[in-house]
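To start, the structure itself, in structure tokens.
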Amino acid sequence: MGESRTELLAWLNDLLQLNYTKVEQCGTGGAYCQIIDSIYGDVPMTRVKMNAKHEYEFLANYKVMQNVFKTKKIDKPILVDKLVKCKMQDNLEFLQWIKKFWDSNYGGQGYDAVGRRRGAPTETPATIAPIGGGGSRTVSGGGLGAHGGARAGGRTPIGGPRAGSAQSNEAVTALRAQLAEMSAHLEGLEKERDFYFAKLRDIEILVQQQFEENEKAGVDDETLKEIQKILYSTEDGFEVPEGTPAVDEEETF
């Protein structure tokens, strides 16, 4: 039987000098990467986003981890599509596995978790919640606001309160409907963005790996250079969004 959530979190926070309160928070991938780094000491932590807040950042963290597993020949499937959803059961099972792996492979050497992160921020990441959940809270708050408006209306001149309250309620209802529609649209756009980002990231990693192999073999591949040029090209006025994983080891936070 695996260790309890409380025991795992206490071990994780002590090893990595973090302040996680839920197993679900491991779903961002950053903590998993650093646990492996504590064993081998050569995970490219500058590419790991410890305070990742978006799914495309989680995916980038898992790409780093998958590359390490491949290099170290660690025969363990990483169910990324489940882990990034930050669900308790999926992450609890993986955390239990990684703790057993750590127990079997950690050499007892000292580990400077903060130093390996180079002082990068580690704000406790929020778990993923459906956008609709935020809408529910907004609706609830709106309901309180509507009642407050009705009470305030009672202090206005006669003839104003009821008509004003009815109009306000209609306006609030319309705004709620508009907000729900916009939230659903935004959620769809974010999923589409994450889908294509993951594909581009896969291509980028393959290109980088082939470049390294070509360098060792002394081969110059113009096609690869053209592909890389397309991947990294930008348009006038475009700025790389904050939080986008860098491709070199000199990334700072």
Side-chain angles (χ1 to χ4, degrees), residues 2-3 5 7-20 22-53 55-125 127 198 201-202 204-206 208-209 212 243 245-253:
E3 295 176 75
R5 284 177 287 175
E7 292 171 330
L8 288 168
L9 285 172
W11 164 74
L12 176 72
N13 287 329
D14 181 63
L15 175 67
L16 304 184
Q17 296 300 294
L18 297 174
N19 191 32
Y20 280 16
K22 295 181 179 180
V23 170
E24 295 92 314
Q25 292 167 295
C26 294
T28 65
Y32 294 142
C33 286
Q34 193 161 19
I35 291 171
I36 297 300
D37 184 67
S38 73
I39 298 172
Y40 299 107
D42 58 0
V43 174
M45 289 303 299
T46 52
R47 297 185 183 180
V48 177
K49 192 78 170 178
M50 292 298 294
N51 64 336
K53 296 178 176 63
E55 191 167 319
Y56 71 89
E57 294 174 319
F58 303 172
L59 292 170
N61 284 345
Y62 282 107
K63 282 298 176 186
V64 172
M65 191 171 178
Q66 286 175 324
N67 286 340
V68 173
F69 273 39
K70 181 178 180 181
T71 301
K72 305 296 183 183
K73 295 180 171 56
I74 301 174
D75 187 20
K76 170 67 176 178
I78 304 175
L79 304 179
V80 178
D81 58 333
K82 291 185 176 181
L83 295 173
V84 296
K85 299 306 179 185
C86 295
K87 300 297 183 181
M88 190 279 290
Q89 189 60 39
D90 294 321
N91 281 281
L92 176 60
E93 291 176 2
F94 192 75
L95 187 58
Q96 288 173 334
W97 174 86
I98 209 169
K99 174 60 163 64
K100 290 179 181 178
F101 183 83
W102 185 87
D103 286 339
S104 300
N105 294 277
Y106 182 62
Q109 69 277 11
Y111 182 66
D112 181 7
V114 177
R116 285 292 294 154
R117 295 194 293 265
R118 298 186 183 181
T122 58
E123 295 90 0
T124 306
T127 53
R201 182 62 177 151
D202 286 340
E204 180 185 28
I205 290 172
L206 285 174
Q208 289 174 344
Q209 292 174 340
E212 292 173 1
V247 296
D248 58 59
E249 287 294 325
E250 296 303 318
E251 179 184 355
T252 57
F253 295 86

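Predicted, not measured: the structure shown is a model, and the values here were computed from it. Sequence positions, counted from 1, serve as the residue numbers for this chain.
Residues Q34 and R116 have side chains that never bring a donor and an acceptor to within less than 3.5 angstrom of each other. Using modelled atom types and a 3.5 Å distance limit, the side chains of E93 and Q89 yield a donor-acceptor pair.
Summarising the local packing, NZ of K76 is surrounded by more than 12 heavy atoms from other residues, nucleotides or ligands at distances under 6.0 Å. Taking a 6.0 Å sphere around NZ of K82, one finds it holds 12 or fewer heavy atoms contributed by other residues, nucleotides or ligands.
You'll find the side chain of K99 stays beyond 4.5 Å of the side chain of E7, heavy atoms only. Residues R5 and K22 form no side-chain contact, since every pair of their non-hydrogen atoms from C-beta on lies 4.5 Å or further apart. Taking the side chain as every heavy atom from C-beta outward, I36 and W102 never approach each other to under 4.5 Å. Residues L95 and I35 form a side-chain contact, since some pair of their non-hydrogen atoms from C-beta on lies under 4.5 Å apart. Considering only heavy atoms from C-beta on, I74 comes within 4.5 Å of F101 through its side chain.
The salt bridge (Lys or Arg N to Asp or Glu O under 4.0 Å) check on K63 picks up D202, with sequence neighbours excluded. D112 meets the salt bridge (Lys or Arg N to Asp or Glu O under 4.0 Å) test with no other residue; sequence neighbours excluded.
A salt bridge does not link K100 with E3: every distance from a Lys NZ or Arg NE/NH1/NH2 to an Asp or Glu carboxylate oxygen is 4.0 Å or more. Between E24 and K87, no side-chain nitrogen of the basic residue sits less than 4.0 Å from a carboxylate oxygen of the acidic one, so the salt-bridge criterion is not met. A salt bridge links K72 with D42: the distance from a Lys NZ or Arg NE/NH1/NH2 to an Asp or Glu carboxylate oxygen falls below 4.0 Å.
Taking every heavy atom of both residues into account, D37 and V43 meet most closely at OD1-N, 3.0 Å. Minimum interatomic distance between L92 and L8 (heavy atoms only, all atoms of both residues): CD1-CD1, 3.6 Å. Counting all heavy atoms, side chain and backbone alike, P44 lies closest to V68 at CD-CG2, 4.4 Å. Nearest heavy atoms, Y62 versus I78: CD2-CG2, 3.9 Å. The shortest non-hydrogen separation linking L18 to R117 is CD2-NH1, 3.9 Å. Taking every heavy atom of both residues into account, V48 and C33 meet most closely at CG2-CB, 3.9 Å.
With rounding to the nearest 0.5 Å, the separation of OG1 in T28 from CZ in F58 is 5.5 Å.
Note on residues 24-52: pairs passing ring pair (Phe, Tyr, Trp, His ring centres under 6.0 Å), not counting sequence neighbours, are Y32-F94.
A side-chain donor-acceptor contact under 3.5 Å links Q109 to the backbone of S38. Between the side chain of D90 and the backbone N or O of L83, no donor-acceptor pair lies under 3.5 Å.
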Point to revise | Audit row: K73, D75, side-chain contact (heavy atoms from CB on, under 4.5 Å) steps and yes/no | key: CA-CA 6 Å; K73 295 180 171 56; D75 187 20; over 6 Å; no

Practice item. Might you work through the side-chain contact (heavy atoms from CB on, under 4.5 Å) test for K70 and Q66, ending with a clear yes or no? Key: CA-CA 6 Å; K70 181 178 180 181; Q66 286 175 324; over 6 Å; no

Practice item. Determine, step by step, whether V23 and L9 satisfy the side-chain contact (heavy atoms from CB on, under 4.5 Å) criterion, reporting the C-alpha distance in whole Å, the side-chain angles of both residues, the deciding distance to 0.1 Å, and the verdict. Key: CA-CA 7 Å; V23 170; L9 285 172; 4.2 Å; yes

Check your understanding: Can you list the steps and then say if M50 with M45 is a side-chain contact (heavy atoms from CB on, under 4.5 Å)?
Key -> CA-CA 9 Å; M50 292 298 294; M45 289 303 299; 4.1 Å; yes

